[in-house]
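Worksheet: one structure, shown below.
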Amino acid sequence: MPTPDFIRDLRASIGHQLLYLPGVSAVVFDDQGRVLLGRRADNGRWTIICGIPEPGEQPATAVVREVEEETAVRCVPERIVLVRTLAPVTYPNDDQCQFVDVCFRCRAVGGEARVNDDESLDVDWFPLDALPEMEDFSLSRIKQAIEDGPTWFEPTVAE
């Protein structure tokens with residue numbers, strides 16, 4: 001994902017120090033029960049759609065924007081699937097980030113799936129029994145979205 005301007009501005013002040021940032025991800029289903037995936041330009045891997053909210057932007061608004069920006073699909077968030085702090089990541093330029101991901105189950109309501117920006121090499125709908133190879137980040141969120149259970153979060157430790 002390209003670096004948003006507000007993060008570039010922060011980096012000008014703090015250099016490569018760890019930034020703790022919000023993130024959103026979307027498990028988008030169509031009327032046939034297929035899931036929308038994008039193949040990332042930076043690593044060639046298939047993944048659910050994800051991104052960074054702009055300052056002041058609500059997570060549900062951000063996830064709708066990200067899905068449409070990346071895939072040209074319009075969607076409606078149905079529920080929060082998962083909230084999780086991800087492991088810190090260091091990018092090739094030595095910038096360090098740690099994201100808190102809010103993952104939404106979404107329903108497609110319009111648009112035709114296609115590559116709609118420079119973040120993706122490919123975009124497509126996949127039946128759940130024919131998913132491409134993906135990292136656990138996407139697979140676990142798809143699994144949680146299929147199950148209509150409560151929002152998943154890391155359990156707290158009782159004292």
Side-chain angles (χ1 to χ4, degrees), residues 1-4 7 18-54 57-91 96-158:
M1 79 183 70
T3 304
I7 294 176
L18 181 68
L19 275 178
Y20 193 65
L21 295 167
V24 292
S25 58
V27 181
V28 182
F29 291 104
D30 67 4
D31 290 339
Q32 298 173 39
R34 299 176 301 174
V35 66
L36 180 65
L37 301 176
R39 193 160 62 92
R40 294 177 58 105
D42 61 353
N43 64 17
R45 304 288 310 245
W46 286 99
T47 185
I48 60 174
I49 309 306
C50 52
I52 300 171
E54 295 292 330
E57 186 178 33
Q58 293 297 322
T61 302
V63 82
V64 168
R65 176 185 51 77
E66 288 288 344
V67 170
E68 188 164 8
E69 282 179 0
E70 294 182 23
T71 70
V73 171
R74 293 184 310 280
C75 69
V76 174
E78 295 181 321
R79 69 179 178 92
I80 295 175
V81 170
L82 170 147
V83 177
R84 185 174 205 175
T85 299
L86 306 178
V89 61
T90 301
Y91 292 97
Q96 299 173 48
C97 292
Q98 186 168 23
F99 294 94
V100 175
D101 178 43
V102 178
C103 181
F104 290 85
R105 176 185 168 125
C106 299
R107 178 176 38 87
V109 294
E112 294 293 325
R114 63 178 167 83
V115 174
N116 204 36
D117 66 9
D118 59 359
E119 295 181 43
S120 301
L121 299 172
D122 199 2
V123 170
D124 209 347
W125 294 101
F126 289 87
L128 293 173
D129 62 356
L131 295 174
E133 183 178 331
M134 289 183 290
E135 294 178 356
D136 186 56
F137 174 89
S138 294
L139 289 173
S140 65
R141 283 152 179 77
I142 292 169
K143 180 182 176 192
Q144 287 297 125
I146 294 166
E147 299 170 0
D148 284 325
T151 300
W152 186 94
F153 53 89
E154 195 73 37
T156 59
V157 178

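Just so you know, these numbers use all the heavy atoms, side chains as well, and skip hydrogens, waters and symmetry mates. Each residue takes its place number in the sequence, starting with 1.
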Phe104 vs Val64, test: side-chain contact (heavy atoms from CB on, under 4.5 Å). Steps then yes/no.
CA-CA 10 Å; Phe104 290 85; Val64 168; over 6 Å; no

Report the C-alpha separation of Leu37 and Ile48 in whole Å, then their side-chain angles, then the decisive distance to 0.1 Å, and conclude whether the side-chain contact (heavy atoms from CB on, under 4.5 Å) test is met.
CA-CA 5 Å; Leu37 301 176; Ile48 60 174; 4.0 Å; yes

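At least one side-chain heavy atom of Cys97 sits under 4.5 Å from a side-chain heavy atom of Tyr91. Side-chain contact between Arg105 and Arg141 is absent, with no heavy atoms from C-beta onward closer than 4.5 Å. A heavy-atom distance below 4.5 Å is not found between the side chains of Arg84 and Ser25. Within the 4.5 Å cutoff, no side-chain heavy atoms of Arg114 are placed close to those of Val123. With contacts defined as side-chain heavy-atom distances shorter than 4.5 Å, the pair Pro53/Val24 qualifies. Between Thr47 and Glu135, every side-chain heavy-atom pair lies at or beyond the 4.5 Å cut-off. Looking at heavy atoms from C-beta onward, Leu128 lies in side-chain contact with Phe29 at the 4.5 angstrom threshold. Put simply, the side chain of Phe99 reaches to within 4.5 Å of the side chain of Ile52, judged on heavy atoms.
Going from atom CG of Asp124 over to atom CZ of Arg39 covers 11.0 Å, rounded to the nearest 0.5 Å. Put simply, OG1 on Thr71 and CD on Glu119 are 11.0 Å apart, with the number rounded to the nearest 0.5 Å. Atom OG of Ser120 is separated from atom CZ of Arg40 by 8.0 Å, given to the nearest 0.5 angstrom. With values rounded to the nearest 0.5 angstrom, Glu70 atom CD is found 9.5 Å from Asp118 atom CG. Separating the SG atom in Cys75 from the CG atom in Asp30 is a distance of 12.0 Å, to the nearest 0.5 Å. Rounding to the nearest 0.5 angstrom, the gap separating the CH2 atom in Trp46 from the CG atom in Asn43 is 12.0 Å.
Of all heavy-atom pairs spanning Arg45 and Met134, the tightest one is NH2-C, 3.6 Å. Val73 approaches Glu112 most closely through the heavy-atom pair CG2-C, 4.3 Å. The two atoms that bring Val81 and Ala145 nearest to each other are CG1-N, 3.7 Å, heavy atoms only. Here the shortest heavy-atom pairing between Glu66 and Cys50 reads OE1-O, 3.8 Å. Closest approach of Cys103 to Val27, counting heavy atoms only: SG-CG2, 3.9 Å. Summarising the geometry of Val63 relative to Pro77, their closest heavy-atom pair is CG1-CG, 4.1 Å, with the distance given to 0.1 Å.
For Asn116 (side chain) and Glu68 (main-chain N/O), a donor-acceptor pair under 3.5 Å exists by modelled atom type. Put simply, the side chain of Gln98 gets close to the backbone of Leu86: a donor and an acceptor are under 3.5 Å apart.
Shown here is Asp148, whose CG atom has more than 12 heavy atoms of other residues, nucleotides or ligands within 6.0 Å. For Gln58, the CD atom is loosely surrounded, since the number of other residues' heavy atoms within 6.0 Å does not exceed 12.
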